[in-house]
Structures are given as structure tokens and as C-alpha cells.
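The block underneath contains the structure these notes are about, expressed in C-alpha cells.
Computed from heavy atoms alone, side chains included, the values below leave out hydrogens, waters and symmetry copies.
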Amino acid sequence: MTKTVLVIDDEAALRMMMRAIMESSGWQVREAESGVKAVAMLAETPNLADVVLLDMRMPGMDGHETLAKIHEIQPSLPVVMLTAYGTVGSAVDAMKRGAFDYITKPADNDELITVLEKGYQYSRLLNENAKMRKELDDSSPVSGLVGNSASMRRLHDFIFQAGPSEATVLIMGESGTGKELVAEALHAASNRAGKPLVKVNCAALPANLLESELFGYEKGAFTGASKDKPGRFALAREGTIFLDEIGELPLEIQAKLLRVLQERVIEPLGSVKPQSVDVRVICATNRNLRQEVQTGNFREDLYFRLNVLEVLIPPMRERLEDLPLLVNRLLARLCLKNKKDIRGVTQEFLGALSYYSWPGNVRELENVLERALILSRADILGVDSLPGQIVQTSRAYTAPAQAEPRLLTAAVRPAAGGAAPMPQSAAFGLPSSAGSAYPPAFMPANTPAHLDFISAQPPVFSSPLEEAEYKALVQALNANGGHRERTADALGISRRTLQYKLKRFGLVRSYQGS
């Protein structure tokens with residue numbers, strides 16, 4: 001894909017030098033000798049450039065004025081300021097006004113290409129997000145399920161395929177992953193979308209009330225039953241009923257639910273005549289129902305009735321590439337809720353989020369962002385607004401000496417009409433192997449001898465599930481000879497997620513063929 005940069009500088013010699021450097025790195029270069037000329041070019045051809053390189057000091061229209069005019073035409077176009085050592089303060093001021101970054105003259109070739117590449121990635125992601133936002137507008141069933149990772153795309157595909165069917169769906173996933181959102185999306189994608197979606201949290205109702213809430217009762221069924229009351233199944237007639245936390249359902253209610261699924265009838269308390277129901281059933285649980293069946297806490301026949309279509313929602317730690325999208329969407333909503341105005345987040349802020357394992361998933365992320373939003377005195381969120389455990393986790397993986405923070409510009413300010421602009425690339429602030437500092441190597445027990453990897457420190461597991469995840473990772477590495485891509489495919493995760501897991505467990509290795 002062609003990458004295009006527009007160089008705006010009044011010095012022909014400098015433009016010539018920039019052209020030579022950038023063309024040797026695969027860039028297509030456009031030139032303008034003044035701000036007036038550049039603004040005219042961009043107005044005539046809106047997609048002229050992916051990134052702009054703009055000199056601060058030019059006769060006539062200077063860098064500040066040119067920046068403002070460019071953003072009037074293309075608000076999201078990344079503009080990198082070129083400045084002399086004596087005017088760095090002006091460049092920082094320009095960043096506050098929306099510039100993407102700055103470089104001091106004479107520019108180091110590697111730094112120049114690196115900054116332009118970041119600008120290009122930002123520009124490309126904005127275009128991809130605009131396309132995705134158009135495809136997944138507010139009328140789309142999956143508009144609330146934010147993410148463009150492979151696992152989220154598979155989830156979207158499942159919703160569009162399973163939604164129009166009448167089959168019972170069992171949604172599984174950890175707490176906070178968005179099981180209710182998936183249920184809403186399935187209903188919205190179904191032929192019952194115009195009918196009620198009735199939600200029942202099976203864990204929130206006492207066992208002695210749950211039966212009457214689900215199936216209703218007739219007048220005189222018990223003391224205090226002064227009139228008929230329809231249950232949730234009756235209220236969901238011709239629509240969908242969502243039974244959340246189905247694993248908490250008492251055994252005696254499980255038997256009654258089984259009859260509903262088998263015979264499509266309910267029997268309210270005090271009634272001697274079954275009533276037919278036309279309703280689709282969607283269930284959700286964060287428990288392993290197979291294990292619950294083995295321990296006798298869940299009926300096997302009911303499990304097979306519920307498990308016609310089964311979908312597992314990926315936890316946050318397995319789709320970290322969706323973090324920029326999620327942060328942007330959540331912050332935009334939280335800004336409106338809390339009447340705050342946040343322009344963006346720093347690389348360090350997003351990087352710290354990406355090193356955390358998120359046991360509470362998206363719900364925990366939302367809480368962390370709301371806390372940062374409320375406590376921050378600045379309109380740019382930095383790591384100082386994050387909880388201690390997230391910062392400590394990040395510092396455990398990153399080198400102690402870090403460069404001066406760069407700003408992730410204007411990521412979340414709601415645009416006109418309340419629509420939020422889309423976020424920066426995952427490349428901004430997400431962890432990479434560069435700069436990581438590992439303590440002395442530790443070889444975990446039972447490590448296959450022929451695999452070339454070591455653990456940076458003895459793994460500390462926060463739960464049996466995390467330990468099982470570690471063992472599964474080691475087993476998959478062993479089975480695939482340490483090959484990253486094959487291992488990621490075998491585990492059903494992205495390569496970025498695999499890289500995160502290797503770092504989280506301190507597995508440092510150099511595999512042949514990966």
C-alpha cells in the first residue's frame with residue numbers, strides 16, 4: 001500500500017533532502033513551498049496525503065496558522081511539526097492544538113521515518129474505523145460489541161448466523177465480558193426483534209420467588225395472591241427471554257424449565273391447566289456447566305437442551321488488540337455521563353492497560369476508565385490516574401528508563417452530534433518486545449527440553465484458571481515446535497494475544513521458523 005507524505009517547507013534544499021530520505025524508505029512525497037499552497041492542494045484533493053510534515057517557521061502563513069487551516073479541511077490528518085531547537089516550546093504548543101508529533105531540525109533519519117510511520121498507522125486506522133463504523137452503525141445488532149480482533153469478528157459472524165434461527169443459545173464467558181450485550185444482539189438479529197426481550201437474573205432472585213417470577217401465578221395460589229400475575233415467560237410471548245446466570249438455577253426449577261423447552265408450555269402456580277408459550281430462550285453463564293453436570297449441580301438433560309448453539313465470549317486478555325477501540329468508545333460515553341472533556345490518553349496510559357490481565361474484563365476496564373476520568377485534573381489521561389495494581393503490572397514488564405511521554409492526540413473528544421471519533425492504532429502504546437527488561441532467567445518445572453524458551457521469573461498464578469491457561473500455552477508451544485503463528489492458530493487466538501501471554505507469564509524465547 002502506498003504511503004504518501006506532504007512536505008510543507010519554504011526551503012527547497014530541505015524539501016529535496018526530505019524527499020530523498022523518504023522515497024528511499026518507500027514513501028511517495030508531495031511538496032508545497034508555503035502554507036497557502038499546501039492548504040489549496042489539500043482542499044482540492046482531500047486524500048492527497050496520509051501524513052503532513054510541516055515547518056514551524058515560514059514566511060506569510062506560519063506553522064500554527066497552517067495547522068489550523070489543515071484541520072479545518074481534514075480534522076483527523078496527522079501533522080508532524082518540524083522545529084528548530086530554539087522553538088521546541090512552539091511545537092509543544094502546536095501539539096496541544098492538535099498536531100500529531102514534532103521533530104527537531106536537523107532531523108535524525110531514523111526518527112523521522114519512525115514518527116511518520118506512526119502517523120501513517122494512525123491515519124490508516126482512522127480510515128478503517130470510519131469504514132467499520134459505517135458498517136456497524138447504531139442500527140446494527142452488533143453495534144454494542146466493540147472490537148475488530150479475530151475473536152470478535154467470529155462472534156459477530158455467529159450473531160448474524162444464529163440470530164435469525166429459533167434455536168436456544170447458551171452464552172458462556174467470564175464475568176464482565178458482555179454476555180448480556182450478546183443476548184441483546186442475538187435478539188436484535190432475530191425475526192423476533194420487534195417483540196419483547198425479557199431479562200431474568202437467576203442469581204438475583206431467591207429460590208422461593210424464582211418459580212413465580214418465571215412462570216407466574218393465579219389468584220389464590222398462596223396467601224397474598226390477590227390477583228393473577230403473569231410470569232416472565234408470559235411477558236416474553238412471541239419474543240425472547242434471556243436467563244442470565246443459568247448455572248445458579250435450583251434443581252427443582254431446572255426440571256420445570258426443561259418441560260418448557262421440551263413441550264413449550266408453562267404452568268403458573270395454582271393453575272391446573274398448562275399454557276402454551278411462543279418464546280425463544282437465550283441463556284448465559286460464567287460457570288462450566290459440563291463440570292456442574294458432573295458434580296450433580298446441573299441436570300444433564302437440561303444442559304443438552306440449552307446447548308443447541310453454544311458461543312464463548314473471549315475475555316479481555318485474549319483480545320488486547322481491541323483496547324484502543326474499547327478505550328475510545330468507553331471514554332466517549334463516560335465523558336458524556338460525567339460531563340468531562342477528555343482530549344486523549346498518553347502512550348504510557350494505553351501501554352499500562354495492555355499489560356494488565358483484566359480479571360474483571362470490559363466491566364473492570366470501564367470502571368478503571370471512569371475512575372481515571374474523574375480523578376484526572378488534566379484533559380489528557382496519564383498513568384498517574386490509573387490504579388496502583390495496573391501501574392505496577394506495567395512496570396514489572398517495561399524497562400525502568402522510559403523516553404519522555406508522547407501524546408496520543410484527541411482520541412475521545414465527542415464530535416458534533418455526539419458521535420465519538422475513533423481511536424489511535426494499537427501500535428501506539430501497546431507493548432512490544434523492544435525495551436523490555438527481564439530479570440534473571442528461570443526454567444519452569446516440566447518445561448520440554450527441546451523448546452527454546454525460558455521463564456523470566458517463577459510464574460505466580462492468581463487462580464487455578466490462570467495456571468491451567470499457562471499449562472495449555474506450554475502444551476501448545478510444545479505441540480507446534482514453538483512456532484508462534486501455528487501456536488496462536490491452535491489456541492484460537494491472535495499472534496498479538498499470544499505475544500502478550502508469553503510476556504505475562506515471562507516466557508522469553510527465540511523460536512526457529514516463527
Side-chain angles (χ1 to χ4, degrees), residues 128-202 214 232-246 257 260-261 264 277-286 289 303-316 318-319 321-322 325-326 328-330 332-333 361-363 366 418-420 422 492:
E128 290 177 357
N129 287 337
K131 180 181 178 182
M132 185 174 69
R133 186 167 48 182
K134 185 177 180 181
E135 293 173 352
L136 304 179
D137 59 16
D138 290 339
S139 64
S140 170
V142 297
S143 61
L145 296 167
V146 180
N148 198 31
S149 59
S151 57
M152 288 303 289
R153 288 198 298 270
R154 287 195 295 269
L155 180 59
H156 292 170
D157 290 342
F158 173 86
I159 289 168
F160 283 117
Q161 286 183 288
S165 78
E166 290 294 306
T168 303
V169 179
L170 177 61
I171 305 168
M172 298 185 300
E174 298 175 10
S175 294
T177 50
K179 296 186 288 295
E180 185 174 338
L181 289 175
V182 173
E184 291 172 352
L186 285 165
H187 175 70
S190 74
N191 298 324
R192 299 174 179 264
K195 301 297 181 180
L197 170 62
V198 177
K199 303 173 184 178
V200 184
N201 188 328
C202 299
L214 287 175
R232 305 289 180 92
F233 272 92
L235 293 175
R237 191 178 301 277
E238 297 184 357
T240 304
I241 187 166
F242 172 51
L243 302 176
D244 198 7
E245 304 295 352
I246 190 70
L257 177 59
V260 175
L261 296 174
R264 294 292 165 178
V277 289
D278 175 17
V279 63
R280 185 189 190 181
V281 177
I282 297 176
C283 302
T285 182
N286 60 5
L289 290 188
Y303 171 70
F304 288 122
R305 279 285 178 181
L306 296 176
N307 194 30
V308 178
L309 291 174
E310 180 181 284
V311 60
L312 177 65
I313 306 179
M316 271 288 301
E318 293 185 3
R319 59 183 192 102
E321 54 266 59
D322 291 330
L325 284 168
L326 282 164
N328 182 77
R329 179 72 68 89
L330 292 172
R333 190 170 72 210
N361 294 292
V362 179
R363 186 182 295 126
E366 183 171 7
M422 300 305 283

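- Under the 4.0 Å criterion applied to side-chain N and carboxylate O atoms, Asp278 and Arg192 are assigned as salt-bridge partners.
- Across all non-hydrogen atoms, the minimal contact from Val279 to Arg264 is O-NH1, 2.7 Å.
- Atom OG of Ser151 is separated from atom CD1 of Ile313 by 11.0 Å, given to the nearest 0.5 angstrom.
- Taking the side chain as every heavy atom from C-beta outward, Leu155 and Phe160 never approach each other to under 4.5 Å.
- Side-chain contact check for Ile246 versus Leu289: some heavy-atom pair is nearer than 4.5 Å.
- With sequence neighbours left out, the side-chain hydrogen bond (donor to acceptor under 3.5 Å, both in side chains) criterion links Thr168 to no other residue.
- Atom-to-atom distance recorded for Leu197:CG and His187:NE2 is 5.0 Å, nearest 0.5 angstrom.
- The minimum heavy-atom distance linking Arg319 with Gly147 is given by the pair NH1-CA, 4.2 Å.
- Within the structure, the salt bridge (charged side-chain N to carboxylate O under 4.0 Å, His left out) test picks out the following pairs touching residues 232-243 (sequence neighbours left out): Lys195-Glu238, Glu213-Arg232.
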>> Test side-chain contact (heavy atoms from CB on, under 4.5 Å) on Phe233 and Leu257; report intermediate values, then the result.
In response: CA-CA 10 Å; Phe233 272 92; Leu257 177 59; 3.7 Å; yes

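- Between Ala167 and Val308, the closest heavy-atom pair is CB-CG1, 3.7 Å.
- The nearest pair of heavy atoms linking Ala236 to Pro196 is CA-CB, 4.5 Å.
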Listed pairs under 3.5 Å, donor-acceptor, residues 176-186 side chains, sequence neighbours left out:
| from | atom 1 | to | atom 2 | distance (Å) |
| --- | --- | --- | --- | --- |
| Thr177 | OG1 | Glu174 | O | 2.7 |
| Lys179 | NZ | Gly173 | O | 3.2 |
| Lys179 | NZ | Glu174 | O | 3.1 |
| Glu180 | OE2 | Lys199 | NZ | 2.7 |
| Glu184 | OE2 | Lys199 | NZ | 2.4 |

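- Side-chain atoms of His156 come within 3.5 Å of backbone N or O of Leu145 as a donor-acceptor pair.
- For Cys283 against Leu306, the heavy-atom pair with the smallest separation is SG-CD2, 3.5 Å.
- Although no hydrogens or angles enter the test, the distance criterion places no donor-acceptor pair under 3.5 Å between the side chain of Asp244 and the main chain of Val200.
- Using a distance-only test at 3.5 Å, with no hydrogens or angles considered, a donor-acceptor pair links the side chain of Asn361 to the main chain of Met316.
- Distance check: Arg153 CZ to Asp322 CG gives 9.0 Å after rounding to the nearest 0.5 Å.
- Residues Arg280 and Ser190 have side chains in contact (heavy-atom distance under 4.5 Å, counting atoms from C-beta outward).
- The two atoms that bring Ala162 and Ser165 nearest to each other are O-OG, 2.8 Å, heavy atoms only.
- Taken from CG in Leu326 to CG in Asn148, the straight-line distance is 11.0 Å, to the nearest 0.5 Å.
- Between Asn286 and Met172 there is no side-chain heavy-atom pair separated by less than 4.5 Å.
- Proximity of Phe242 to Val198: side-chain heavy atoms (C-beta onward) are nowhere separated by under 4.5 Å.
- Residues Ile282 and Leu243 have side chains not in contact (no heavy-atom distance under 4.5 Å, counting atoms from C-beta outward).
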